[in-house]
A.B. asks: 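Questions regarding the structure given below will be posed in turn.
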Amino acid sequence: MSLSRRLADVEKTLEYWYETLGSMEKDFAKTYDARAKIAITQQIRDDILPQIRKFEAEYWQLLRQFAPSCEVEEVDARNAIVHVVQEVELIENKPSIHYSDEFMQLLLEIRDKLNEPGMPASAKVNLALPLIPGILSYEVELDTENALRRALQPIRELFRKK
């Protein structure tokens, strides 16, 4: 199977898992029964999030291999970087949610790498990708998982076109 085909398959699988997670979160919000809430929480923690982490790690690993062979327009790369930096800053400035120091340090490393002056945006995108697998293998809480997904979505979109 080609690298691009496997990347597309993993992305499709991730979309299904994200839909499942979203559905479970909606069920949790609608439910008043404490036992049902506990069961939903356990299913998310024990079944859904491990699958998401597994496929996200594979996705970013594949994208890391695939990205150097892609030509990305400078404008598209710059736009993706702007979106990622904005999301990182939103995460950084949310006082109501406490993310682990390790998570924040890695996320800020990505932001700093993307903000380096004098380098084309397309080169910055390629430089930032190797940092992502380290973050995704980190055991994270549900809020961190959603924050990370939002922050990295522009990079996924950038390469989805290819």
A.B. asks: Evaluate side chain to side chain contact (heavy atoms under 4.5 Å, CB included) for Glu56 paired with Tyr18, printing each intermediate quantity in order.
C.D. replies: CA-CA 11 Å; Glu56 281 180 338; Tyr18 292 148; 2.5 Å; yes
A.B. asks: Does Asp33 come within less than 4.0 Å of Lys37, counting only side-chain N to carboxylate O?
C.D. replies: no
A.B. asks: Roughly how far apart are Met24 CE and Ile48 CD1, rounded to 0.5 Å?
C.D. replies: 4.5 Å
A.B. asks: Taking Asp9's backbone N and O only, do any of them form a donor-acceptor pair with Thr13's side chain (distance below 3.5 Å, no angle check)?
C.D. replies: yes
A.B. asks: Step by step, work out the side chain to side chain contact (heavy atoms under 4.5 Å, CB included) result for Leu63 and Trp60.
C.D. replies: CA-CA 5 Å; Leu63 187 59; Trp60 290 109; 3.3 Å; yes
A.B. asks: State, to 0.1 Å, how close Ile52 and Leu14 come at their nearest heavy-atom pair, and which atoms those are.
C.D. replies: O-CD2, 3.8 Å
A.B. asks: What are the two closest non-hydrogen atoms of Thr31 and Ala36, and how far apart are they?
C.D. replies: CG2-CB, 3.6 Å
A.B. asks: Looking just at side-chain N and O atoms, do Gln51 and Tyr16 make a donor-acceptor pair shorter than 3.5 Å?
C.D. replies: no
A.B. asks: About how many Å separate CG of Leu62 and CZ of Phe55, when rounded to the nearest 0.5 Å?
C.D. replies: 11.0 Å
A.B. asks: Take Asp47 and Thr20 through the test side chain to side chain contact (heavy atoms under 4.5 Å, CB included) and record every step on the way to the result.
C.D. replies: CA-CA 11 Å; Asp47 299 334; Thr20 302; over 6 Å; no
A.B. asks: What is the distance from atom CD of Glu25 to atom OG1 of Thr41, rounded to the nearest 0.5 Å?
C.D. replies: 10.0 Å
A.B. asks: I would like to know whether Glu11 and Glu15 meet side chain to side chain contact (heavy atoms under 4.5 Å, CB included); could you show each step before the answer?
C.D. replies: CA-CA 6 Å; Glu11 186 168 6; Glu15 287 175 16; 4.0 Å; yes
A.B. asks: Any side-chain heavy atom of Gln65 sitting closer than 4.5 Å to one from Gln61?
C.D. replies: yes
